[in-house]
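Data first, discussion second: the structure below is written as structure tokens.
Labels below follow one simple rule: chain letters A, B, ... track the order of the sequence lines, proteins then strands, and each chain is numbered from 1.
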Number of protein chains: 2
Amino acid sequence: MARQRTKSGKIRLAEVASLAGVSLTTASRFFRTPEALSPGKRERVASAADKLGYEPDLAARALASQRTEVIGVLIPSLTNNVFSDVLRGVYDAADGSPFTIQLVNTHYSVLQEEKLLRLFRAQRPAGLMVTGINQTPNSRAVMQSMDCPIVQIMETGPEPIDMMVGFSHSDAAFSAVAHLIAQGRKRIGFLGARMDPRVQRRLEGYRRAMKAAALLEPRFILTTPIPTSVSVGGVLFGDLLARAPDIDAVFCINDDIALGTLFECQRRQIAVPDDIAIVGFNDLEFMAAAVPSLSSVRTNRYEMGRDAIAMLIAAIAGERPARPVVDLGFELMVRQSSMPRHSP
Amino acid sequence: MARQRTKSGKIRLAEVASLAGVSLTTASRFFRTPEALSPGKRERVASAADKLGYEPDLAARALASQRTEVIGVLIPSLTNNVFSDVLRGVYDAADGSPFTIQLVNTHYSVLQEEKLLRLFRAQRPAGLMVTGINQTPNSRAVMQSMDCPIVQIMETGPEPIDMMVGFSHSDAAFSAVAHLIAQGRKRIGFLGARMDPRVQRRLEGYRRAMKAAALLEPRFILTTPIPTSVSVGGVLFGDLLARAPDIDAVFCINDDIALGTLFECQRRQIAVPDDIAIVGFNDLEFMAAAVPSLSSVRTNRYEMGRDAIAMLIAAIAGERPARPVVDLGFELMVRQSSMPRHSP
DNA sequence: CAATCCTTTGGCAGCGCTGTCAATAATAGT
DNA sequence: ACTATTATTGACAGCGCTGCCAAAGGATTG
């Protein structure tokens with residue numbers, strides 16, 4: 001009898017086939033197109049595979065079929081807890097599917113992104129998920145040549161490479177600032193850090209809302225390229241106050257900055273919302289628990305990751321979505337920090 | 001001339017070889033053992049590969065060599081922001097190496113862990129990183145049969161499967177509670193959620209410290225199986241207060257719970273630290289920024305992920321560490337929330 | 001100068017699986 | 001009953017690369 005077992009003791013498909021009394025081809029077919037097998041053989045291959053504890057060799061499969069079951073995921077940062085929610089959705093959606101997530105970190109660098117895309121292309125992924133819509137022409141070209149479904153997440157915009165699931169950061173910021181204006185706030189600060197493309201668009205939304213109310217003043221806007229954190233939020237707020245002591249509200253580009261601002265207010269005995277109103281962005285869990293509770297713009301991060309991967313998996317199976325661009329929207333969560341002032 | 005280019009237009013190694021004027025074997029050797037090539041050929045293969053933009057086919061390589069350059073990483077949760085720091089270290093350490101991280105989520109389930117380990121084994125990873133030390137006998141058996149370096153992280157303990165990098169959660173908790181006792185606190189609550197093995201050991205450390213001071217009382221201990229969050233922290237603290245209104249300090253199993261406790265104190269006008277001292281665990285960034293700043297036990301999560309992967313990569317290269325178990329320790333960060341009371 | 005050893009190179013047989021095509025069996029149509 | 005289809009199955013040739021072994025030089029040694 002010919003060699004059945006591989007050197008390493010691993011069970012090969014040939015062994016399953018011979019135990020089931022079928023050809024290698026039929027055994028292989030059991031895993032690819034089980035419906036093409038007669039019920040009898042299907043059953044026999046299944047039980048043989050089960051009895052032997054067969055696990056397919058993915059490398060051999062990938063080589064022979066020229067396809068993989070890998071979904072490449074490009075994320076700009078692992079630090080940012082926004083992405084940890086997205087990733088939860090990503091992994092949850094991939095769970096139970098045959099697909100494997102291959103996560104890589106671009107560190108907010110478009111060159112790194114280009115390099116990683118080339119690397120992915122060489123491995124023929126089944127699908128690809130990329131963050132944002134600001135890919136370089138080179139990156140777009142690489143993706144276009146990849147012949148696998150691709151989904152862009154976090155934002156929506158014109159000219160999707162393939163599919164998109166996100167929301168309008170500009171509109172979300174606009175609505176937050178419009179809310180503050182509606183509450184009677186006039187001198188609304190903007191606190192931004194690590195000014196990535198999405199944050200830039202939030203700034204754009206802020207500008208649009210302020211300009212519409214004829215309240216826009218450059219001195220209200222304070223940004224820094226350094227990464228965000230709660231401490232940075234406190235420092236930024238302090239700096240803003242030094243520059244524009246008359247502000248009566250701040251829109252923070254994320255919740256860490258907002259929490260840092262709240263702490264700084266507590267430290268300086270500034271009453272929130274009576275002296276200063278605060279609105280954050282993302283609506284992390286702690287915003288509702290803070291004292292006072294902090295207003296924020298809820299974004300659907302988990303759903304974004306989950307739906308993006310689900311769309312990808314469907315597209316890999318040939319089911320193109322009806323609409324390739326999905327806008328998950330946002331919701332303004334108004335809490336104590338941006339409520340009307342107590343009457344004096 | 002024989003087929004050079006693969007159907008998909010991908011450049012194969014044979015093409016590089018012929019452009020460089022060497023045999024396929026030599027070209028292959030350039031990527032495996034470049035030092036075995038004569039400088040001249042090495043140079044020619046390098047420039048040919050570069051000119052053609054050659055990217056190796058990893059599936060073919062894996063199949064032929066019976067090895068992969070994949071490091072499997074098993075993490076129990078993607079929600080827990082403790083792990084996002086670990087993962088940052090993991091990905092940073094893998095960056096620049098030929099190794100690829102394959103991340104999977106066990107959802108705190110040992111059965112899931114077992115299943116995932118079997119799946120990994122079938123793909124012959126180059127190395128493996130698993131969380132914690134509470135693997136089932138089955139899981140240990142699978143790992144032992146895997147013939148690749150394995151590192152356990154988050155904790156230290158006896159009988160490493162192979163290597164370990166972590167710290168003693170029990171000692172860390174002990175030192176936090178001992179600190180509170182040293183500050184004159186007598187009725188110290190314990191707030192725990194999602195009681196995973198590491199949290200259990202923190203409880204053990206708390207018990208040890210309290211018992212040593214003859215202060216241990218069951219009513220001080222409040223735990224819940226539900227996942228942690230800031231809100232849950234607030235609720236737990238409220239419940240603890242209802243049960244033991246006389247407590248003068250709380251040790252929280254993580255910083256989210258601690259922050260929730262602080263907020264709940266603010267809500268109830270309980271003075272921190274005068275009425276209640278608070279100590280958290282992990283020392284997330286916001287702890288220092290809170291008002292009052294919150295004491296915590298600093299754990300080296302980033303370093304844990306980074307060092308674990310570095311050890312793995314070294315071990316794959318044949319460089320076994322001098323000591324297979326690395327204790328990264330912890331540091332008690334004493335801040336305002338556990339300072340002495342103001343004199344009355 | 002021959003014998004020996006080391007360095008460098010190439011030929012070749014797979015790695016475990018899938019895609020293609022042909023063969024056969026079963027079913028339907030006339 | 002006989003042919004046309006369709007449903008099942010199997011044989012076989014690779015997928016692109018590496019590991020092994022042998023060959024060819026070159027250097028070294030006695």
Side-chain angles (χ1 to χ4, degrees), chain A residues 2-45 48-49 52-69 98 121-124 126, chain B residues 2-45 48-49 52-69 98 121-124 126:
Chain A
R3 170 180 60 84
Q4 284 282 330
R5 203 63 67 86
T6 184
K7 277 177 208 162
S8 58
K10 202 170 153 182
I11 289 105
R12 297 180 317 145
L13 188 53
E15 188 165 3
V16 174
S18 83
L19 176 61
V22 300
S23 74
L24 176 59
T25 308
T26 299
S28 166
R29 203 142 22 209
F30 171 74
F31 292 100
R32 291 176 290 138
T33 50
E35 69 284 1
L37 289 199
S38 64
K41 304 227 163 170
R42 194 184 312 159
E43 173 54 39
R44 276 159 57 200
V45 177
L52 295 173
Y54 172 73
E55 287 287 351
D57 184 314
L58 266 33
R61 185 178 277 181
L63 179 59
S65 68
Q66 296 292 78
R67 297 184 278 98
T68 63
E69 292 186 326
R121 181 173 55 179
Q123 311 320 326
R124 314 180 208 85
Chain B
R3 171 179 58 87
Q4 284 282 328
R5 203 62 68 85
T6 183
K7 276 176 206 161
S8 57
K10 202 172 155 182
I11 289 106
R12 296 181 317 145
L13 188 53
E15 189 165 3
V16 174
S18 83
L19 176 62
V22 300
S23 74
L24 176 59
T25 307
T26 300
S28 166
R29 203 141 24 208
F30 170 74
F31 292 99
R32 289 178 290 139
T33 51
E35 68 283 0
L37 288 198
S38 64
K41 304 226 162 168
R42 195 185 311 159
E43 174 52 39
R44 276 159 56 201
V45 177
L52 294 173
Y54 171 72
E55 288 287 352
D57 184 314
L58 266 31
R61 185 178 277 180
L63 179 59
S65 68
Q66 296 291 79
R67 296 182 279 98
T68 63
E69 291 186 327
R121 180 172 57 178
Q123 311 319 326
R124 315 181 208 83

Closest non-hydrogen atom pair, Ala122(A) against Glu55(B):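 Shortest heavy-atom contact: CB-CB, 3.3 Å.
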Shortest non-hydrogen contact between Leu52(A) and Ile11(A), atoms and distance: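 Minimum heavy-atom contact is O-CD1, 3.1 Å.
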Gln66(A) side chain near dG16(D) phosphate (N/O to OP1/OP2, under 4.0 Å): yes
Distance test, side-chain N/O of Thr26(A) to OP1/OP2 of dG10(D), below 4.0 Å: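 Result: yes.
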Phe31(A)/Tyr54(A) aromatic ring centres below 6.0 Å: yes
According to side-chain contact (heavy atoms from CB on, under 4.5 Å), who are the partners of [X], at least two apart in sequence or on a separate chain?
X         : answer
Glu43(A)  : Ser47(A)
Gln123(A) : Leu58(B)
Ala20(A)  : Val22(A), Arg44(A), Val45(A), Ala48(A)

Length of the [atom1]-[atom2] vector between [X] and [N], whole Å:
X         : N       : atom1 : atom2 : value
Glu15(B)  : dC15(D) : CD    : P     : 14 Å
Phe30(B)  : dG10(C) : CZ    : C1'   : 18 Å
Lys10(A)  : dG16(C) : NZ    : P     : 8 Å
Glu35(B)  : dT9(C)  : CD    : P     : 13 Å
Arg124(B) : dC15(C) : CZ    : P     : 12 Å
Leu63(A)  : dC15(D) : CG    : P     : 9 Å

Rounded distance (nearest 0.5 Å) linking atom CZ of Arg61(B) with atom CZ of Arg67(B): 9.0 Å
Nearest-0.5 Å distance, CD of residue Glu35(A) to CZ of residue Arg42(A):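 Answer for the CD-CZ pair, Glu35(A) versus Arg42(A), is 7.5 Å.
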Pairs meeting criterion side chain to side chain donor-acceptor pair (under 3.5 Å) with involvement of residues 22-33 of chain B, two or more places apart: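 Non-adjacent pairs meeting side chain to side chain donor-acceptor pair (under 3.5 Å): Ser23(B)-Thr26(B), Ser28(B)-Arg32(B).
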Neighbours of DNA chain C within residues 36-44 of chain A, by heavy-atom distance under 4.0 Å: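 When residues 36-44 of chain A is checked for heavy atoms under 4.0 Å from DNA chain C, there are no hits whatsoever.
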Derivation of the salt bridge (Lys or Arg N to Asp or Glu O under 4.0 Å) call for Arg124(A) and Asp57(B): CA-CA 9 Å; Arg124(A) 314 180 208 85; Asp57(B) 184 314; 2.4 Å; yes
Terminal helix-axis angle for the helix from dC1(C)-dG30(D) to dT30(C)-dA1(D), with five pairs defining each axis and rounding to 10 degrees: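 That helix gives 30° between its end axes.
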What does the list of N/O pairs under 3.5 Å between the protein and nucleotides 17-27 of chain C look like, with a distance for each?
| from | atom 1 | to | atom 2 | distance (Å) |
| --- | --- | --- | --- | --- |
| dC17(C) | OP1 | Tyr54(A) | OH | 2.4 |
| dC17(C) | OP2 | Leu13(A) | N | 2.5 |
| dT18(C) | OP1 | Arg61(A) | NE | 2.9 |
| dT18(C) | OP2 | Ser28(A) | OG | 2.5 |
| dG19(C) | OP1 | Arg67(A) | NH2 | 3.0 |
| dG19(C) | OP2 | Arg32(A) | NH1 | 2.4 |

Thr68(B) side-chain N/O to Ala62(B) backbone N/O, donor-acceptor pair under 3.5 Å: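 Checked: no pair found.
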